[in-house]
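Keep in mind the model is a prediction, meaning the values are calculated, not measured. The first residue of the sequence shown is numbered 1, and numbering continues consecutively from there.
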Amino acid sequence: MTQVEIPLNLERFETASKEAAILNEALNCRKEAGQLLAEERYLDAMERTVAALRIMREFTDFDNQEFRALLVALLFDLAEIHFALKDYKQSEKELDTLFKVLDNLVKTDESRFGKFHILAMELSTRILRSRKKAMDLLLKQQMNAGALYEKVNAGVVAATDKLVDSLRNVGQLLASTGELKAALKFYAEAIKYSKKRTGRVTRKEIKMTIEMAEIMMRIRPMRPRAKRLLNAILPHAISLETIELEQDILALIGVIDSEPENETKWKTFLLKVTNAAKSKFKKGAKEEASDCKEAEESVKEETK
């Protein structure tokens, strides 16, 4: 995926100011995330994007246009990352926040921000189409899994690998539609049959366990369990010398470790930003309505 680039006017800030330092630090995190995205390292890219947003919390003026422009760019990144991870429901949530901030920017400066509203609409359409496709595929995969269960129970050894893949696909599709607990059941079954088939922990089981932990992380009470699962699988990833999977595990553990301390601040931050955006938008609408009313009254006076 390609990052949406919204050029910032940083010359509006004094070079040594706290505001300029915060925006530059967040931009550096975003640049690192862009490099990871180019390598399809979506989990690591998500960690760097979230780090940039945490830095943004320290900014003093949430109404500042450059602050909001960078926030929109980061929300685009998060929505695209979750889309790439087939987490369509979370991607939609991030788009909703993005629209609340972006709508106000477009009203303030349509020539600068109008095109980004179009890009957000395009992403929204992609998400909706993908969710519909996921629902259609889910029904087919569930039927396929049922038929494969019968073959495995009948002693057809070759059917086990296909059953594992089918169960995993059902789990992925359920997760993408927001049915998280149901998805976990299918992942647990897939991992169980896969281990039974190989008799050991392979790269495939590690990958599926990481995917299962990602789903657990989206259910707040299950985050400690997700961390235990990741810590348990990490030695297996190390012994198999799967550097990519090691990095994914460590990135997820890092996200879990930082969440309890920051989650309330994080929600408060986004709430303040979106409320400020809506408040400013309403104020502008009221002023516009008032201007129209004054103009009408002026016309009436002149035509008397």
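With hydrogens and angles disregarded, a donor-acceptor distance shorter than 3.5 Å links the side chain of T49 to the backbone of A45. Formation of a donor-acceptor pair under 3.5 Å by the S17 side chain with backbone atoms of E14 is found in this model. With hydrogens and angles disregarded, a donor-acceptor distance shorter than 3.5 Å links the side chain of T242 to the backbone of A237.
To the nearest 0.5 Å, atoms CG (L245) and CG (L240) are separated by 8.5 Å. Once rounded to the nearest 0.5 Å, the distance linking CE of M216 with NZ of K227 reads 15.0 Å. Here the CG-CG distance, from D63 to N104, works out to 8.0 Å after rounding to the nearest 0.5 Å. Annotation: the span from L98 atom CG to F116 atom CZ amounts to 11.0 Å, rounded to 0.5 Å. The CZ atom of F67 sits 10.0 Å away from atom CZ of F13, with the distance rounded to the nearest 0.5 Å. Atom OG of S130 sits about 10.0 Å away from atom CD of E92, to the nearest 0.5 Å.
Two residues are said to be in side-chain contact when any heavy atoms from C-beta on lie closer than 4.5 Å; I210 and L229 fail this criterion. Taking the side chain as every heavy atom from C-beta outward, K89 and T177 never approach each other to under 4.5 Å. Between I6 and V4 the shortest side-chain heavy-atom distance falls below 4.5 Å. Side-chain contact between K207 and E211 is present, with heavy atoms from C-beta onward closer than 4.5 Å. You'll find the side chain of T209 stays beyond 4.5 Å of the side chain of I249, heavy atoms only. At least one side-chain heavy atom of L250 sits less than 4.5 Å from a side-chain heavy atom of L234. Within the 4.5 Å cutoff, the side chain of K93 has no heavy atoms near those of the D96 side chain.
Under 4.0 Å is where a charged nitrogen must lie from a carboxylate oxygen, and between D44 and R48 no such pair does. Ion pairing between a basic and an acidic side chain is recognised when a charged N comes within 4.0 Å of a carboxylate O; E80 and R126 show such pairing. A salt bridge links D165 and K204; the closest N-O separation between the charged side-chain nitrogens and carboxylate oxygens is under 4.0 Å. Under the 4.0 Å criterion applied to side-chain N and carboxylate O atoms, R112 and E66 are assigned as salt-bridge partners. Salt-bridge check for R30 with E5: passed, with a basic side-chain N closer than 4.0 Å to an acidic carboxylate O.
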Hey, mind stepping through H117 and D103 against side chain to side chain contact (heavy atoms under 4.5 Å, CB included) and telling me if it holds? CA-CA 8 Å; H117 197 280; D103 283 345; 3.0 Å; yes
Quick one, K31 with Q35, criterion side chain to side chain contact (heavy atoms under 4.5 Å, CB included). Give me CA distance, side-chain angles, the key distance, then yes/no. CA-CA 6 Å; K31 184 178 179 182; Q35 292 168 350; 4.2 Å; yes
Applying side chain to side chain contact (heavy atoms under 4.5 Å, CB included) to V164 and I191, what does each step give before you reach the verdict? CA-CA 7 Å; V164 169; I191 293 168; over 6 Å; no
Could you give me the CA-CA distance, side-chain angles and deciding distance for Y42 and H82, then say whether side chain to side chain contact (heavy atoms under 4.5 Å, CB included) is met? CA-CA 8 Å; Y42 299 122; H82 281 109; over 6 Å; no
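Residues Q247 and R41 bring a donor and an acceptor atom of their side chains to less than 3.5 Å of each other. Side-chain contact of D77 with Q3: a donor-acceptor pair under 3.5 Å is present, judged by distance alone. Side-chain atoms of T60 and E19 form a donor-acceptor pair, as typed in the model, at a separation below 3.5 Å. Looking at T202 and E205, their side chains do bring a donor and an acceptor atom within 3.5 Å of each other.
Linking Ile, Leu, Val, Met, Phe, Trp and Tyr residues whenever their side-chain heavy atoms come within less than 4.5 Å places I206 and M217 in a single cluster. A single hydrophobic cluster is seen to contain both M46 and L123, as judged by linkage of ILVMFWY side chains at heavy-atom distances under 4.5 Å, directly or through other members.
Atom CZ of R12 sits in a crowded spot, with more than 12 heavy atoms from other residues, nucleotides or ligands closer than 6.0 Å.
Cation-pi geometry between R168 and F186 is not met: the NZ or CZ atom fails to fall both under 6.0 Å from the ring centre and inside 45° of the normal.
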